[in-house]
Every structure is written in structure tokens, then in C-alpha cells.
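Working notes, beginning with the structure itself.
Throughout, a chain's letter reflects where its sequence line sits, starting with A, and its residues are numbered from 1.
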Amino acid sequence: MRRLTTGVAVVLIAALGVRGSTSHARPGPAKPAVDPDAMAALHKMGEFLRTQQAFAVQARGTTDDLLPSGQKIQYGVAVDLKVRRPDHMRMDIVGDRRTDHIYYDAKTFTVYSEKLNYFAAFAAPATLAELKGVLEKRYGFDLPLADLFYWGTDQDSSNQIHAATHVGVANIDGFMCDHYAFRQSDVDWELWIEQGGRPVPRKFVITTTTEKTKPQHSMVLNWDLTPKLEDHLFTFVAAPNVHQIAFQPVGGARKGVQP
Amino acid sequence: MNKHHGRSASRLATLLVAIVLSLSTTAAHAIIVRTAVAYRPVARAVVGTAAVVGTAALVGSMVRTLPPSCSSVMVGAVAYQQCGNTWYQPQYAGSQVTYVVVNPPAAAPAAPPPPPPPQ
């Protein structure tokens with residue numbers, strides 16, 4: 001199986017090579033697997049994002065899933081994210097499988113399902129970076145675009161990258177971007193970073209290479225770096241017909257009925 | 001030249017598709033959702049989506065979708081879904097609302113009235 005997977009990767013690289021180069025000759029000496037310029041661009045983007053105290057992102061994307069038959073299918077999602085560092089966030093998620101609104105105001109994390117009229121909440125840690133860890137580890141809660149909050153911490157795992165390449169230049173929604181490709185043990189991923197004075201990620205694609213069908217997750221991001229974000233955006237107020245339900249931790253044993 | 005490139009790419013793409021298809025025929029039944037972002041990806045395995053619909057709805061078992069024809073019931077401040085004789089309590093587990101089979105609440109509207117206390 002490992003041999004077959006490697007075969008796919010080789011063919012992929014070959015196909016990209018044919019389409020991407022303008023001549024049959026291979027370019028001169030081989031670059032190192034981890035191109036320092038690509039890593040520098042990644043870190044520069046992270047540094048830039050860390051300096052943004054408030055931002056709003058409108059993102060649209062797709063996520064592959066597998067039917068029990070093994071057939072790969074695609075779900076779509078639109079995410080509207082508003083952040084005021086270090087401790088305020090609002091996220092509106094409208095997807096094929098969920099319509100959720102997320103609120104974080106430095107004290108409480110709330111998720112509200114608009115379709116079901118339920119909400120759940122817990123007392124939240126003091127920063128977004130900590131919050132992401134709690135959501136992931138304690139609640140198994142998938143926060144779209146969550147890694148935007150990791151940049152700038154020591155948890156970005158950039159040392160796990162074993163290949164990094166500048167692929168070329170691309171136009172994403174009218175913005176010229178540098179296109180990079182990275183490889184880790186379980187995923188390949190691509191990143192399009194805006195050229196010029198504001199190196200924000202404009203698009204990313206993640207390919208899970210440990211799955212036979214190589215499912216992908218892709219998002220295109222539209223940035224507002226000077227948003228007006230008022231306090232009330234970040235605090236949830238339940239309407240009378242919206243009821244609170246429990247937030248179940250991962251692996252938490254459920255004992256009977258809880259209020 | 002472009003034509004030649006096109007043919008080569010096309011041949012390679014066909015080969016790629018063939019290999020991917022041959023691999024996918026043995027795909028596992030687990031549902032994997034690729035959700036992580038940027039350079040801290042985390043693969044997550046997700047349980048199946050089918051609701052357990054049957055006569056033996058065990059208290060404590062969890063489903064992600066309810067059977068048809070349920071009604072939303074509040075007992076005190078606690079939200080329930082009543083589906084026939086089976087009662088579910090909604091909760092957020094992972095990123096979504098799931099439903100746990102529970103015993104009918106004491107003050108359930110559908111429950112028969114308690115017997116009068118012995119005199």
C-alpha cells in the first residue's frame with residue numbers, strides 16, 4: 001500500500017512538472033526539499049497576522065468526506081470570522097451540515113445552532129490561543145480557520161514540514177499571490193499568500209495523504225484588516241425560544257439526566 | 001508544443017485517475033473529515049451518521065440524527081426530544097448537536113399519572 005501511495009505522489013509530481021514548466025529540460029541543480037524562502041514567507045505571514053489586533057475574514061470552502069461506500073463527496077461551507085485580539089471572537093458558519101454561530105468574549109464560549117434552537121456554553125480561558133486548545137482537546141470541537149490563532153505561538157509545528165516549495169504566482173479573487181506547497185507526514189498543503197504589503201493567506205488547500213482517496217479541504221479567504229467590531233457582536237443573548245443544552249467533553253461519561 | 005504538453009498531461013492524469021480509482025475500491029468505511037488548517041493539521045475520525053432507529057434504543061446510546069416525527073419538549077429547564085416512546089436529550093458533542101437516549105423525565109407530559117399514594 002505504501003508503495004502504491006508513493007506511486008501516486010510520483011505521478012502527481014510528474015503531472016505538475018509537465019504542466020508547470022515551459023520547457024522539457026529540468027531546471028538546474030535541485031533545490032533543497034525545504035526551500036528556506038518558502039519557510040520565510042510562511043513566517044512572514046505569521047508575523048504579519050500577529051500584528052493585526054482586529055480583523056474580519058470571510059471564507060468560503062469545501063471539505064471532502066467519504067460515503068460508507070468509499071465514494072468521495074464534497075461539502076461546502078461559508079465562514080464569517082471576526083476577531084479582536086487577544087480575547088474576542090465571533091464566527092458565523094453556514095454550511096451544508098451546520099449553521100452555527102460562535103461567540104467568545106474572554107469569559108464565555110458559546111455555540112448556538114440556529115437550525116435547532118439550542119445553544120451550549122462553557123467558561124472560557126482568557127485568550128484565543130488557549131481557547132483553541134481547550135476546544136480541541138477537551139471538547140473535540142472543530143473550529144474552522146482555527147490555525148489563524150496559532151500563528152505566533154510555539155505550537156505552529158512548522159518544524160514538522162519536510163518539504164516546502166514556491167510553486168508560482170496566482171491571482172486569487174483579483175489579488176496577486178505567491179503559491180507555496182508544503183509536505184508533512186500526514187498531509188500535503190498549499191498556501192497562497194498575498195503579494196505586497198499585507199501578506200495574508202488568501203487560499204489554502206490541505207490534502208490528507210494518509211487516506212486512500214486523498215480527501216481535501218480548501219478555503220478562500222477575504223480579509224478586512226480595519227473592521228469595526230462592537231462589543232455586542234461577541235456576547236450571546238438567547239432568545240426566549242432558544243434553550244441551553246450541555247457541552248459534552250470528549251470521552252466524558254454521561255450519567256443520567258443533567259440540567 | 002502545447003499540444004504535446006496537453007497530451008502528456010492528459011496521459012498522466014488518466015494514469016493518476018486509474019491509480020486513485022484502484023485505491024479507492026478498497027476504501028475503509030470510516031469517515032474521515034479533513035478539517036484542520038494551515039500548519040497544524042489534525043486528522044479526525046468521525047463516527048457514523050446513521051441514527052440508531054429501532055425498538056432497542058438503549059439508554060445512554062447516542063445518535064447524530066433523530067428518527068422522524070419527534071417533538072421538542074421542555075421539562076423544567078431541560079430540553080428533550082420525544083420520539084414515540086423514546087426520549088432523547090440533546091447535547092453538543094464535538095462540533096455538533098447529538099442526542100442521547102435517556103429515561104423519560106419524571107414530569108414527562110406523556111407519562112401516565114403516578115398512582116395515588118396508599119391511604
Side-chain angles (χ1 to χ4, degrees), chain A residues 4 7-8 11-12 14-15 18-19 42 63-66 68 70 72 98 111 113 116 118 120 136 139-142 144-148 150-151 155-158 160-161 182 184 186-187 189 191 201 204 206 208 210-217 219 243-248 254 256-257 259, chain B residues 1 4-6 8-13 15-16 19-44 46 48-50 59-60 62 72 74-81 87 89-98 100 102-103 105-106:
Chain A
L4 278 176
V8 172
V11 171
L12 252 177
V18 167
R19 267 187 262 150
L42 189 58
T63 303
D64 289 340
D65 204 344
L66 300 183
K72 189 162 70 176
R98 59 197 285 201
V111 56
S113 169
L116 302 172
Y118 293 134
E136 199 173 87
Y139 293 102
F141 191 93
D142 165 35
L145 307 176
D147 286 59
L148 292 179
Y150 263 133
W151 285 313
Q155 302 171 67
D156 61 23
S157 305
S158 57
Q160 292 173 10
I161 294 169
F182 303 90
Q184 291 176 229
D186 54 349
V187 291
W189 49 283
L191 188 61
F204 63 83
I206 298 173
T208 301
T210 50
E211 276 297 303
K212 291 166 195 155
T213 52
K214 305 269 192 283
Q216 290 191 315
H217 171 58
M219 296 291 266
H243 303 293
Q244 183 164 12
I245 61 176
F247 221 131
Q248 193 66 15
R254 197 193 159 80
V257 178
Chain B
M1 184 61 77
H4 173 72
H5 278 168
S8 298
S10 167
R11 271 202 303 276
L12 286 165
L15 179 57
L16 174 63
I19 291 174
V20 169
L21 283 178
S22 73
L23 288 172
S24 64
T25 52
T26 56
H29 283 202
I31 296 177
I32 305 293
V33 183
R34 171 75 261 159
T35 52
V37 183
Y39 51 141
R40 198 171 189 283
V42 180
R44 293 188 183 88
V46 177
T49 55
V59 168
M62 190 181 87
S72 179
M74 292 299 295
V75 178
V78 182
Y80 294 91
Q81 290 283 340
W87 287 73
Q89 196 172 0
Q91 62 175 17
Y92 259 92
S95 309
Q96 68 173 89
V97 175
T98 59
V100 178
V102 294
N103 291 312

From A/I245 CD1 over to B/Y80 OH, what is the distance, rounded to the nearest 0.5 angstrom?
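Those atoms lie 13.0 Å apart.
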
What's the separation between atom CD in B/Q89 and atom CD in A/Q248, rounded to the nearest 0.5 Å?
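Atom-to-atom, B/Q89:CD and A/Q248:CD are 9.5 Å apart.
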
Please classify the contact of A/Y139 with chain B as side chain, backbone, both or neither, using a heavy-atom distance under 4.5 Å.
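Contact with chain B is through the backbone of A/Y139 alone.
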
Could you go through A/R98 and B/Q96, starting from their C-alpha distance and side-chain angles, then the distance that decides it, and tell me whether this counts as side-chain contact (heavy atoms from CB on, under 4.5 Å)?
CA-CA 8 Å; A/R98 59 197 285 201; B/Q96 68 173 89; over 6 Å; no

For the backbone of A/F141 and the side chain of B/S95, can you confirm whether one donor and one acceptor N or O come within less than 3.5 Å of each other?
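No, because the side chain of B/S95 does not come within donor-acceptor range (under 3.5 Å) of the backbone of A/F141.
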
Check each atom of B/T98 against the heavy atoms of chain A and say whether the ones under 4.5 Å are side chain, backbone, both or neither.
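Neither part; nothing is under 4.5 Å.
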
How far apart are the closest heavy atoms of A/Y118 and B/V97, and which atoms are they?
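Of all heavy-atom pairs spanning A/Y118 and B/V97, the closest is CD1-CG1, 4.2 Å.
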
